[in-house]
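One structure is given below, encoded as structure tokens.
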Amino acid sequence: MRTAKILAVMMLCAAVPAATNAQSTLTSVMDDFVKSHSNKEVKTATYLEYDENDSSDTRKPSTFHYEYDFNLPATDNKKIDKLINAFNKDTDKAYNVYTRNAGISDMSLANIAVGEKNKGGYNVNFGKHKERNYMVMLVRDKQNKMKRYVYAIVWYNDTADNRLCGSLHKIYGPDPNKQGSRNGYSGYGPDNIVYSDGEVTIYKNGKPAVIYSPGNMENLIDDEIETDSMSDGNRIYKRSLMSSDEFIRRFGIIHDAFMNLPPQPDNENGYENALLNKMVNLCDKHFSALDNTERKACLKCLAEMRQRCKNKYQEGLIDIARKRLRGYID
């Protein structure tokens, strides 16, 4: 966290405004958990942002992150069970849920943006510690669809000291996947790949193009996605005819995203397979947009992508895309 913007407070509980209580069961159990322990056992860190246009005495934060770090006797594990049960009861309200048991992977599970970069915002990356258990849910704000709540439970057993350690998180703020521009959020910049709130975005020349989202797998694999009515080049538009420049632009986005993906566990191929299926669709439907020279250049890039494939299925997808292009070279 950015220390300049975080008020690290040793307190029993940081009160969350009633209007933000999107998950009544889980938030109630979280509050009870914090209140039932001393401020030595549970330490609270708070990050707040306010709407600059709201100067009223009763204004509420437009973004918040309450983090409760706990260090308890190992015998308190039943309290974690209560949190887990509450979490499971509220998952029907979530649009994304991420869970992983300890000992499986140290790959990022959910990278959550908190606040705006120019106000001291930051990202919370859940999943980077293999020895920890993670439960993360994202809930849309019914009053403002551009914002979302994030609730997370992280815990592990410190066997050396016989302690139960971890943290609880309550986050509220703009959903970066709903924003027209992501430049205000930390971690985003030109010509890079961003993993946030379960969605993968690659930036080309400072403009984002959505590649993959677990909640919209079928739609986003489709090469002819209609994302909005704008024509500023930020999105991939639905169209029946495609220029060679547009084909090369899309081809380059998929190629760069695939080649620059961080290593994924062998059993987690969702991002990679989504990109490869998208490449097959592009080459199959719009091969006629290219001339022979352009097709040959794309074939070289596909050969490069094939070397990065880690199983026969992925190699097969690349072979299909190459066959589509190669078959139409005069």
Side-chain angles (χ1 to χ4, degrees), residues 14 16-34 47 60-68 70 79-102 104-105 107-115 121-129 132-155 166-179 182 185 187 194-201 210-221 268 270-271 274:
V16 181
T20 66
N21 196 4
Q23 304 293 94
S24 58
T25 303
L26 182 56
T27 54
S28 177
V29 173
M30 281 184 169
D31 290 343
D32 290 343
F33 178 91
V34 175
Y47 175 87
K60 297 175 181 178
S62 57
T63 293
F64 64 70
H65 178 196
Y66 297 98
E67 177 178 345
Y68 309 100
F70 58 86
K79 295 182 178 180
I80 297 296
D81 293 339
K82 191 173 182 178
L83 286 164
I84 293 173
N85 291 335
F87 184 100
N88 290 331
K89 287 180 180 179
D90 280 344
T91 53
D92 61 327
K93 304 180 183 71
Y95 66 88
N96 268 336
V97 176
Y98 307 94
T99 63
R100 189 165 68 209
N101 294 331
I104 294 178
S105 172
M107 296 298 296
S108 176
L109 183 66
N111 189 19
I112 305 299
V114 180
Y122 52 92
N123 285 16
V124 182
N125 199 335
F126 296 103
K128 299 299 288 183
H129 299 279
R132 300 183 186 184
N133 302 277
Y134 294 91
M135 301 183 77
V136 184
M137 82 165 64
L138 286 73
V139 182
R140 185 71 58 213
D141 181 358
K142 294 181 179 179
Q143 305 301 317
N144 185 346
K145 293 184 178 181
M146 300 297 286
K147 292 190 173 185
R148 50 82 174 109
Y149 301 87
V150 181
Y151 302 93
I153 308 170
V154 182
W155 76 99
S167 58
L168 307 180
H169 300 260
K170 299 178 185 178
I171 299 171
Y172 175 75
D175 177 356
N177 297 330
K178 289 285 186 179
Q179 304 302 308
R182 299 188 178 205
Y185 295 90
V194 175
Y195 305 84
S196 182
D197 290 10
E199 189 169 274
V200 179
T201 299
V210 175
I211 297 297
Y212 171 74
S213 170
N216 291 301
M217 184 74 169
E218 294 181 0
N219 290 336
L220 289 172
I221 287 178
E268 296 180 17
Y271 291 133

Is there a side-chain contact between [X] and [Y] (heavy atoms, below 4.5 Å)?
{"X": "Val154", "Y": "Glu67", "result": "no"}
{"X": "Val150", "Y": "His65", "result": "no"}
{"X": "Met135", "Y": "Asn88", "result": "yes"}
{"X": "Met137", "Y": "Thr91", "result": "yes"}
{"X": "Lys170", "Y": "Tyr151", "result": "yes"}

Under the rule for side chain to side chain contact (heavy atoms under 4.5 Å, CB included), what residues qualify as partners of [X], not counting sequence neighbours?
{"X": "Val29", "value": "Lys82, Leu83, Ala86"}
{"X": "Asp32", "value": "Ser28"}
{"X": "Asn85", "value": "none"}
{"X": "Asn101", "value": "Ile104, Asn133"}

Seminar exercise, completed: Taken in chain and number order and not counting sequence neighbours, the residues that satisfy side-chain hydrogen bond (donor to acceptor under 3.5 Å, both in side chains) with Thr63 are none

Exercise. What pair of heavy atoms forms the shortest contact from His169 to Met30, and how long is it?
Worked result: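 Nearest heavy atoms, His169 then Met30: O-CE, 3.8 Å.
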
Exercise. Can you name the nearest heavy-atom pair linking Asp90 to Leu26, along with the distance?
Worked result: OD2-N, 2.8 Å

Problem set entry | Residues in ring-ring contact (aromatic ring centres under 6.0 Å, His included) contact with Phe33, at least two apart in sequence or another chain | His37, Phe70

Exercise. Which residue, Phe64, Tyr122, Tyr66, forms the ring-ring contact (aromatic ring centres under 6.0 Å, His included) with Tyr47?
Worked result: Tyr122

Exercise. For the side chain of Tyr134 and the backbone of Ala152, is there at least one donor-acceptor N/O pair under 3.5 Å apart?
Worked result: no

